[in-house]
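A, B, ... follow the sequence lines: proteins, then strands. Residue 1 opens every chain.
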Amino acid sequence: DELNSETGRAKTAAEIDWRPIDQMTEAERSKLSAVCKGGYVVPSYLPEGSVSSSGDPSETPMRVLADSASFDAEQNAYVEGGVEITQSPYFLTGSTAKLNQSTQQVTVKGGIQLRSPEMFLTGDTVNYDISTGAFDIEGASYLAHEQGFRGQSATVKRPSENLVVIEKGTITRCDPDDKAWSIAASEITLDQEEGVGYAKHFRFRVQDVPIFYFPWVTFPINDDRKSGFLYPSIGSSNVGRGLALSAPYYFNLAPDYDATLTPQYVHGRGIYTELEGRHLNTFGLSKINLGYINDDEEYIEEYPWSDGERWGLSFENESKLAAGWSSSIDYNVVSDDDYLEDLARTLSINNDTHIDRVGKISYVGDVWQFDGAVHGYQTVDSNITEANKPYSRLPELNLVGSWDNEVFDWTVGSQYTYFFRDNELLTGNDKVQGSRLRIKPEVSLPMEQLWGYITPSLKIDQSNYALEDNGLGDDDISRTVPFATLDAGLYFDRPFQFGTQDYNQTLEPRVFYVHSPEVKQDDIPDFDTSVKTFSYSQLFSDDRFVGGDRVGDNNRVTLGLTSRFTQLSSGIDSAVFSIGKIYYFEDQRINLSGVGEYAESESPYAGEFILTPIQGMDLKVTGLWDDSENETVEGNSTLSLHTKDYGYVLNLGHYYKDDSSPLEQANISTIFPVTKKVSVFGRWLYDLNDKRTAGTLAGLEYRSCCWRAQVLSSSYLTDDAELSHTIMFRVELKGLAGFGESGEELDEQVPGYLGRESLYN
Amino acid sequence: CGFQLRGSVAIPVELHQLSLHCSNELSKVLCQTLNKQLTLNDVNLVEDNKADYILSITSLNSSRRAVSITNRAVAVEYEVTNKATFNLIAADQTIIIDNATTSARQTYRFDEDNVISKTREEEQVKEQINKLLASKIISRLTPYNKLRIEKIKAAQAQ
Amino acid sequence: FTAESNEPIKIQSDHAELDELKGRSIYTGEVVVTQGTTLLTSDKVIVYTNKEGLIKLEAFGSPAKFTHQQEGEPQPTHAYGKKITYTRASETLTLVDDAKLEQDKNTFRGAVIEYNTVSRVVTAEGGEEKSQRVEIIVHPVKNDTGDKTE
């Protein structure tokens with residue numbers, strides 16, 4: 001059966017080891033993507049009784065089986081008839097062989113097959129060095145089972161353990177009879193150690209017809225996330241971008257750093273080039289991303305005084321230092337406010353309003369936790385007024401310590417921040433800047449039992465300001481606010497049955513009292529403070545403000561009740577109901593320019609309902625209901641359904657706010673297969689108040705075993721509240737060119753997309 | 001109506017000699033809450049060599065997505081989702097829980113004029129979610145009594 | 001055994017049976033044949049002679065064992081076979097039935113192995129069944145330490 005029925009020539013390595021699905025074992029089939037008709041199986045090729053190798057060829061004996069053999073005086077062997085040479089883990093067969101003792105070379109001719117754990121090769125002749133394991137084969141066909149690469153070539157050489165050189169060869173990932181795509185090159189070098197492939201005179205072919213030519217190319221071959229060279233994305237959009245064609249080019253500069261250059265022709269703007277560099281050292285990974293266009297015609301039209309030169313830079317680094325210590329840098333800067341929207345378009349539905357520049361060092365230990373950071377922003381949303389632009393924190397230091405003995409728990413949270421802002425353009429109190437030192441020692445007495453707990457605690461919130469240009473009052477202010485809180489709860493259980501499942505239902509009443517005096521603070525400027533989102537989880541927080549410039553006055557008690565249905569067989573909460581309400585004994589007067597006051601005696605009911613009865617179904621409804629006016633103040637409900645393999649996904653969402661800035665939006669996103677190979681995914685966010693679409697994404701995907709193509713069209717709101725559209729076509733060649741990081745952005749729009757990706761690849 | 005004050009510990013006695021692998025760098029709140037709730041359930045936390053079982057939190061990642069936006073595509077609300085992966089392995093290397101995941105999500109209102117305070121609020125939201133993940137992980141240990149563990153060991157013995 | 005060597009061939013055995021007329025003598029019982037450093041041990045040996053001297057020597061054993069030390073060789077060559085025949089005219093040793101030959105670190109097996117004691121050329125043939133194929137075990141020689149045979 002060694003001859004290929006159609007072509008009549010000897011079967012290639014891939015054809016020999018290829019098995020249709022029905023001839024594969026369950027384990028082999030599970031590794032296969034659902035759209036593939038079959039896969040490669042490594043047969044157990046070593047004849048029984050062959051000794052397992054120590055890995056170093058020069059120590060492993062070679063065993064030759066044949067019909068006849070003869071030896072000359074110099075111990076050179078001539079062997080004929082069904083030759084089988086085993087030097088574990090290599091296994092070589094052919095019709096005749098010659099062993100030259102002095103050069104330690106074995107030459108085998110006549111329909112040879114060479115097997116090693118990673119590769120299987122066939123050919124006409126092979127020279128094999130038994131002391132190093134190096135070989136070269138003429139008229140070769142080869143197959144790398146693990147990565148699924150196959151191909152044919154004039155010669156295949158393996159000069160050293162992890163270097164394979166393919167001359168005048170082809171390479172592809174497609175099944176043996178599938179010519180969807182392949183790469184031809186005069187020389188392809190696969191360096192397993194560096195994880196990189198190099199190719200000279202590289203021709204990308206579809207159905208054996210060359211489409212792209214590149215003189216010299218490198219591409220990653222390990223399973224690194226950056227899995228791609230050829231990433232031809234052709235897109236168009238009516239935001240003056242028109243057609244955009246990009247073809248990134250990958251440089252592997254050294255084992256620990258590489259770069260990708262992406263020249264991109266953008267119709268209507270010009271050539272926009274992006275360079276991404278990555279460097280890995282013992283401490284961690286650094287990534288730099290530079291985008292540059294020298295004369296953006298569209299931008300010049302819009303802003304005639306500009307020279308059209310626009311750029312964007314981002315640098316990220318995460319490093320692990322000594323035990324417990326780590327550092328991170330995230331620096332971003334762009335030349336103008338529209339840069340991100342025009343040139344660095346991502347697929348996410350919302351635009352960034354600020355971009356971060358932060359350098360941070362942190363330590364986390366069992367008792368102490370420290371982080372020190374310098375943190376600034378570039379505001380890229382032109383609608384934000386100078387006065388509302390965020391301060392830079394140069395620096396901010398946080399030090400938190402916590403201890404406990406048998407009786408008490410102590411924690412001390414301390415924070416020093418210097419707030420700085422360029423205030424020439426500002427007037428009056430907006431010019432203020434300065435430093436704040438805030439120390440919050442707290443002691444609590446947790447009395448915990450199986451059936452309940454009661455935890456009184458005392459806290460002092462002490463802050464000292466040293467300000468410059470404080471228009472509201474003097475520059476040195478100190479504020480001391482003592483807090484007393486009491487948190488108590490009980491746990492009740494009872495068995496509960498629903499259908500065939502047994503549950504444990506709990507009833508968890510909870511009382512939370514907090515008292516803090518009203519301390520005058522209206523001469524303190526607002527550097528970093530606002531009122532927290534009021535929701536069920538806020539009912540049991542001791543302060544309505546977040547940030548340090550306002551510390552709330554409280555004399556209130558919260559009553560809450562939670563009931564949990566825990567499935568006994570899995571320990572998973574299939575349903576959780578929670579509801580709570582705050583009762584105020586005094587009005588809350590501390591506010592931030594009018595926000596944060598509250599004069600009612602009760603808060604609205606805050607509730608949360610989570611239902612996850614089966615794997616793949618998750619319903620969550622949270623809301624605020626004002627019982628005095630009998631109306632919903634706020635309500636979010638989301639339902640997500642997906643099959644185990646995320647083949648079918650449906651997410652529904654409804655977001656409703658009836659307060660100072662009313663909002664009602666509904667969202668639907670889905671993935672569903674139309675046929676085994678064609679799937680559709682998409683997302684639609686609709687604004688019910690403005691009665692219009694706030695964002696859409698539609699994707700059509702054709703998936704074959706060794707390649708995948710997607711058409712993506714999305715519409716998104718821009719800075720001037722107009723809906724703009726973009727269409728993009730892109731191809732992914734399995735194992736050679738992937739979609740890169742855009743999977744995350746798509747998962748933001750269609751939750752479940754990444755789940756499906758991990759199962760399909 | 002059948003409710004009684006909780007009388008028995010939730011975690012089976014088989015798991016009461018446990019070693020917890022949870023690195024503070026993942027989330028100190030998660031590790032400390034796990035530590036406290038395990039102790040409350042009469043589990044004594046010991047070194048690996050003395051432990052019958054090892055509970056390891058293998059990963060914790062957090063993601064954020066805008067769920068409602070203004071007409072200028074500025075996020076009105078962000079939904080933060082934290083997902084923890086954990087496994088429970090017996091001293092004889094039998095895998096009782098194999099890389100299970102648990103996740104929880106919560107939304108908060110964004111305000112582009114208060115970027116710093118909203119970043120701090122997001123940190124607090126993450127800490128609240130991590131506290132919830134800790135109790136969800138504890139609850140996932142409850143089914144593993146003697147009978148259930150023996151069934152798993154028998155299944156893996158074949 | 002080589003004709004050129006002037007060493008005599010000595011044969012010791014428990015008992016021997018000489019048949020001058022047929023030019024044949026049979027030795028049985030722990031037969032040891034020596035010539036200088038060459039040694040052949042077996043259970044039974046038949047020697048065929050004529051006027052000029054030795055024609056052929058057949059040794060039978062389970063197996064019969066032959067060792068031969070060539071000058072300049074690090075190790076002696078060992079040959080085994082249930083029947084070992086030495087024919088003087090062709091200076092070859094023919095091993096049959098579980099035939100095995102060890103030279104340096106390499107070993108050869110097969111249905112029939114022929115070893116020329118002068119030219120040191122070895123040829124091996126397999127038998128019909130699969131189990132009787134020629135087998136050669138070669139130990140790679142580290143080319144850096146270079147103790148290769150010239």
With respect to chain B, which residue among A:Asp618, A:Thr379, A:Leu685, A:Thr622 yields the maximal number of heavy-atom pairs within a distance under 4.5 Å?
-> A:Asp618
Residue from A:Gly365, A:Pro390, A:Gly548, A:Ser362 scoring the most non-hydrogen pairs under 4.5 Å with chain B is A:Gly365
Less than 4.0 Å between a side-chain N and a carboxylate O, is that true for A:Asp659 and B:Arg109?
-> yes
Ionic contact status for B:Glu112 with A:Lys389, cut-off 4.0 Å = no
For chain A, which residues of residues 38-53 of chain B have at least one non-hydrogen atom nearer than 4.5 Å to it?
-> B:Leu40
Quick one: does A:Asp526's side chain get under 4.5 Å of B:Asn114's, heavy atoms only?
-> yes
Heavy-atom closest pair, residues A:Asp366 and B:Gln32 | O-NE2, 3.8 Å
Whatever's closer than 4.5 Å to a heavy atom in chain B on A:Asp409 counts as side chain
Run the side-chain contact (heavy atoms from CB on, under 4.5 Å) check on B:Val76 and A:Tyr655 step by step: do they pass?
-> CA-CA 10 Å; B:Val76 169; A:Tyr655 305 92; over 6 Å; no
Taking all non-hydrogen atoms of both residues into account, name the closest pair between B:Ser117 and A:Asp528 and its distance.
-> CB-O, 3.1 Å
Quick check: does any side chain N or O of B:Arg65 sit under 3.5 Å from a backbone N or O of A:Asp747, one acting as donor and the other as acceptor?
-> yes
Calculate, to the nearest 0.5 Å, the distance between atoms CG and CZ belonging to A:Asn350 and B:Phe110 respectively.
-> 9.0 Å
Out of curiosity, A:Thr385 OG1 to B:Asp113 CG, how far, rounded to the nearest 0.5 Å?
-> 6.5 Å
Salt-bridge present (B:Arg64, A:Glu748; N to O < 4.0 Å) | no
With rounding to the nearest 0.5 Å, note down the distance linking NZ in B:Lys118 to NE2 in A:His354.
-> 13.5 Å
Taking a cut-off of under 4.5 angstrom between non-hydrogen atoms, the residues of residues 1-26 of chain B near chain A are B:Cys1, B:Gly2, B:Phe3, B:Gln4, B:Leu5, B:Arg6, B:Gly7, B:Ser8, B:Val9, B:Asn24, B:Glu25
When you measure from the side chain of A:Gln665 to the backbone N and O of B:Ile69, does any donor-acceptor pair fall under 3.5 Å?
-> yes
Is any residue of residues 136-148 of chain B within less than 4.5 Å of chain A by heavy atoms, and which ones?
-> B:Ser139, B:Arg140, B:Thr142, B:Pro143, B:Arg148
Stepwise side-chain hydrogen bond (donor to acceptor under 3.5 Å, both in side chains) check, B:Glu79 with A:Asn636 = CA-CA 11 Å; B:Glu79 177 187 71; A:Asn636 284 359; over 6 Å; no
One option among A:Lys657, A:Gln369, A:Glu722 has the most heavy-atom pairs under 4.5 Å with chain B, and it is A:Lys657
Check A:Asp720, A:Asp690, A:Asp381 against B:Arg72 for a salt bridge (charged side-chain N to carboxylate O under 4.0 Å, His left out) and give me the one that passes.
-> A:Asp381
Which atoms form the tightest heavy-atom contact between B:Lys28 and A:Val364, and what is the distance?
-> CD-CG2, 3.9 Å
Heavy-atom closest pair (A:Val531 atom, B:Glu121 atom, distance to 0.1 Å) is O-OE1, 4.4 Å
Donor-acceptor pair, A:Lys532 side chain versus B:Tyr108 backbone, under 3.5 Å?
-> no
Using non-hydrogen atoms and a 4.5 Å limit, figure out which bit of B:Thr119 sits close to chain A: side chain, backbone, both or neither.
-> side chain
One option among B:Val115, B:Thr70, B:Val74 has the most heavy-atom pairs under 4.5 Å with chain A, and it is B:Val115
Which of the residues A:Arg494, A:His375, A:Arg393 is involved in the greatest number of heavy-atom pairs with chain B at under 4.5 angstrom?
-> A:Arg494
Highest number of heavy-atom pairs under 4.5 Å with chain B: which of A:Leu663, A:Asn383, A:Asp404?
-> A:Asn383
Measuring heavy-atom distances to chain B, does A:Glu608 have an atom under 4.5 Å in its side chain, in its backbone, in both, or in neither?
-> neither
In terms of heavy-atom pairs under 4.5 Å, which option from A:Thr612, A:Leu717, A:Asp493 contacts chain B the most?
-> A:Asp493
Please list, in residue-number order, every residue in residues 90-105 of chain B that has a heavy atom less than 4.5 Å from any heavy atom of chain A; write 'none' if there are none.
-> B:Arg105
With a 4.5 angstrom heavy-atom cut-off, which part of B:Gln106 approaches chain A: side chain, backbone, both or neither?
-> both
In this structure, are over 12 heavy atoms from other groups packed under 6.0 Å from A:Glu448 atom CD?
-> yes
Chain A heavy atoms under 4.5 Å from B:Lys36: which part of the residue, side chain, backbone, both or neither?
-> side chain
Interatomic distance, A:Asn667 atom CG to B:Ser68 atom OG [nearest 0.5 angstrom] | 10.0 Å
